[in-house]
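See below for the structure under consideration.
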Amino acid sequence: MSGWSRHEGLGVALPDESIDTDQLIPARFMATPRAQGYGRFLLHDLRHDAEGRPLPDFPLNRVPDATILITGRNFGAGSSREAAVYALVDAGIRAVLAPSFGDIFAANAINNGLLPARISSGDMERLTGAMPDRLEIDLMARCVTGGGLQALFELDPVWQMKLVNGWDDIDLTGAHQDDIAAFATADRIRRPWARPAAERSLS
Amino acid sequence: MTAPRTLFDKLWDSHVVGRRDDGSCLLWIDRHFVHEGSHHAFRKLSERGIPVSEPGLTFGVADHYVPTRGRARSGGTGTAGIENPTIRGMVTTLEENTKAHGIHLFGLGDRRQGIVHVVGPEQGLTLPGLTIVCGDSHTSTHGAFGAMAFGIGATDVAHVMATQTIWKKKLKVLRIRVDGRLGPGVGAKDVALAWIARLGADGARGHVVEYAGPVVEGLTMEGRMTLCNLSIEGGARCGMVAPDAVTLDYLHDRPFAPKGDEWEVAEAAWRALASDDGAEFDREVTLDGSDIAPVVTWGTSPEDAAPIDATVPDPDRASEERAGHIRAALDYMGLAPGRPLDGIAIDQVFIGSCTNARIEDLRAAAAVLKGRRAQVPGLVSPGSSLVKAQAEAEGLDQIFRAAGLEWVESGCSMCVGMNGDIVAPGKRCASTTNRNFRGRQGPGARTHLMSPAMVAAAAIAGHLTDVRPMLEGRT
């Protein structure tokens, strides 16, 4: 995954609160292999009518080229399904700005290069009023500019570095292989009960 | 003399493999559960050509996509009888992936199959003092045993399979004390929905929740699992309860739990896990259990919950911040502001899920339904195939059937709708599950969350209603 520190793109507002994972991607699409692309599933049941026709007034349908989403609190609450992030990323979204995020969603976002930026409710409302418009995100300054506004966002410094460097955890952990082996060996003595009593149970 | 530590501190400290300068820790993972939805992570491993580092610590369970009907007819592993090719593919892919990596699978044809968060504890794979992860947000359930258990996404699932570790920054701890006593007909589900309604669906974001106080101590393991299960609906990654005699009684003689001398050593370690006197919590909230009435949800987030004797909220009387959400939720749910919750007509009921489908939940629903007839159709899917067998041995299946409800096999079923068990568009379902999100039980489905006893009461009345009068004269 490649890192990034600046992004300029079109912002779109979806001011509802608690847009949960099941809305980001309804469960029935999740058996699809990622290689087929998840962008068409993003917010599927909000973007389409019951017959599957796109709703022309839905913000993301009005601004199909948007790359920055401004939305209400508790975005991505719910399921651990990383497919919710795949749907956003495959639809071209690079950053989501909201007052709060579901914790698992935010962690999944970072693992896929998507920025979950926490902004104040006031900034959320001001930015919402100015959309759609072009916005510029500066990851190192934790700042979003555009629509005549500037807002600072909160982002865990660990996550900030992961995004900027495009770090992959499996690669990073490779440097700790010896520590892991040493822990496992010592732990078998320290906590013999912690391993499943498998041999006695699997028959 | 070391500083007093919380249960969470002790769990954290005993699993640190390494630290980074930025404050993240590499944590050892004791148990990892995978299910059909883990296909993304298996693919990530195969793309990189990495094996599973500790296959003996990873367990597969078929639950999210499994059919709940017609399983007895299909032979072998049971997958051949699944008619829908996509669903069959999901279950067989799990079989192939677990087999290829030497991971033990509780598959479709296994008598121990069930929902992962029911099977883990039932088999004694879930133990106090462990770190437990799974690609499912309701992994918080396992914290009921005094474990640190949390849901993770596919990238982290692949990382755990590859390294048996995970990178994490330490979370804060919120202690929720529940004092007093719960009244008859009030249980763990009501306690959970009550605190989520009070603090909000993101109220415990960035925290783990440690539950304490006399009400929590008085809960069975089933009740504690319900409470910890729903922690994620309040924004907490983990819920946890310190292990005590109730925990030990539950675990003794479970198939994968330690035995003999090993049990003695384990027990001593587990008894030392409880938060020390004087340990400091980042945040504390206290509820009075005596004030909690049976709770139902009226909206599209678990925080949209209220006692059954309350009314549907009026957006015009809510804060500006909240009004928009209430309006949208009531529009989706087809409810008018100000009407009583009691009396909202339902189309069907569902008793099942990792939240409320353990034996105690089925007993609670059956106690209300016994000798009565449901006014609406409904599905009862036990939390595991072993729970199903136990319920049948107790005659509970007969009570559900006599009431007119359908008794089916175990799986995630109508909680998540992946296996085809869905609520039709616009239909209203009283459900023992965990999420009332838009479309959660199927496109356009309207979900009201409540306890198994309250779902049973709704089935009998044909509308949401207070279960307590129906319990009079019954134990």
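Because only heavy atoms are used, hydrogens play no part in the values below, and waters and symmetry mates are left out as well, while side chains stay in. Below, chains carry the letters A, B, ... as their sequence lines are ordered, and counting in each starts from 1.
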(request) Check side-chain contact (heavy atoms from CB on, under 4.5 Å) between H7(A) and all other residues, then give those that pass, not counting sequence neighbours. (result) W4(A), T67(A), I68(A), R94(A)
(request) May I have the step-by-step check of side-chain contact (heavy atoms from CB on, under 4.5 Å) for W28(B) and R191(A), ending in yes or no? (result) CA-CA 13 Å; W28(B) 176 257; R191(A) 298 186 307 151; 3.9 Å; yes
(message) Minimum heavy-atom separation for A154(B) and Y86(A), please, with both atom names.
(response) CB-OH, 3.6 Å
(request) Under 4.5 Å heavy-atom distance to chain A, tell me which part of H15(B) shows up: side chain, backbone, both or neither. (result) both
(message) Does R195(A) form a salt bridge (charged side-chain N to carboxylate O under 4.0 Å, His left out) with E54(B)? I'd like the steps, not just the answer.
(response) CA-CA 11 Å; R195(A) 296 227 161 209; E54(B) 291 269 7; 3.0 Å; yes
(message) Please classify the contact of P128(B) with chain A as side chain, backbone, both or neither, using a heavy-atom distance under 4.5 Å.
(response) backbone
(request) Show the numbers, then the answer: is there a side-chain contact (heavy atoms from CB on, under 4.5 Å) between E321(B) and E17(A)? (result) CA-CA 9 Å; E321(B) 233 181 349; E17(A) 64 174 59; 5.6 Å; no
(message) If we define contacts as heavy-atom pairs under 4.5 Å, which of N111(A), I170(A), N108(A), D168(A) has the most with chain B?
(response) I170(A)
(message) Just to be sure I understand the criterion: a residue of residues 135-159 of chain A counts if one of its heavy atoms is under 4.5 Å from a heavy atom of chain B. Which ones qualify?
(response) D156(A), P157(A), V158(A)
(request) Examine whether an atom of S14(B) lies under 4.5 Å from a heavy atom of chain A, and if so say whether it belongs to the side chain, the backbone or both; otherwise answer neither. (result) both
(message) Could you check whether R73(A) pairs with D202(B) (Lys NZ or Arg NE/NH1/NH2 to Asp/Glu carboxylate O, under 4.0 Å)?
(response) yes
(request) Quick one: which of A41(B), A201(B), G200(B) has the most heavy-atom pairs under 4.5 Å with chain A, could you say? (result) A201(B)
(message) salt bridge (charged side-chain N to carboxylate O under 4.0 Å, His left out), that's the test. Do D20(A) and R440(B) meet it? Break it down for me.
(response) CA-CA 10 Å; D20(A) 54 67; R440(B) 169 78 176 183; over 6 Å; no
(request) Counting only heavy atoms closer than 4.5 Å, note whether A266(B) contacts chain A via side chain, backbone, both or neither. (result) both
(request) Heavy-atom pairs under 4.5 Å with chain B are the metric here; pick the option from D169(A), D187(A), D45(A) that has the most. (result) D169(A)
(request) Please list, chain by chain and in numerical order, all residues satisfying side-chain contact (heavy atoms from CB on, under 4.5 Å) with M161(A), sequence neighbours excluded. (result) N165(A), W167(A)
(message) Is H159(B) in contact with chain A via its backbone, its side chain, both, or neither, using a 4.5 Å heavy-atom distance?
(response) both
(message) Keeping R28(A) on the side-chain end and G442(B) on the backbone end, is there a donor-acceptor pair under 3.5 Å?
(response) no
(message) Using a 4.5 Å heavy-atom cutoff, which residues in residues 172-186 of chain A come close to chain B?
(response) L172(A), T173(A), H176(A), D179(A), I180(A), F183(A), A184(A)
(request) Name the region of Y65(B), side chain, backbone, both or neither, that has any atom closer than 4.5 Å to a heavy atom of chain A. (result) side chain
(message) Looking at R48(B) and D171(A), is any side-chain nitrogen of the basic one under 4.0 Å from a carboxylate oxygen of the acidic one?
(response) yes
(message) Does any backbone or side-chain atom of R435(B) lie under 4.5 Å from a heavy atom of chain A? Answer side chain, backbone, both or neither.
(response) side chain
(request) Kindly say whether T155(B) contributes a backbone atom to a donor-acceptor pair with the side chain of E82(A) at under 3.5 angstrom? (result) yes
(request) Tell me, yes or no, whether the heavy-atom count around R43(B) atom CZ, taken from other residues, nucleotides or ligands under 6.0 Å, exceeds 12. (result) no
(message) Could you measure the distance from the CZ atom of R205(B) to the CG atom of N74(A)? Nearest 0.5 Å is fine.
(response) 8.5 Å
(message) One pair to check against salt bridge (charged side-chain N to carboxylate O under 4.0 Å, His left out): D103(A) and R237(B). What are the steps and the verdict?
(response) CA-CA 7 Å; D103(A) 276 354; R237(B) 201 78 177 259; 5.4 Å; no
(message) Taking every non-hydrogen pair under 4.5 Å, which of A27(A), A31(A), P15(A) racks up the most with chain B?
(response) A31(A)
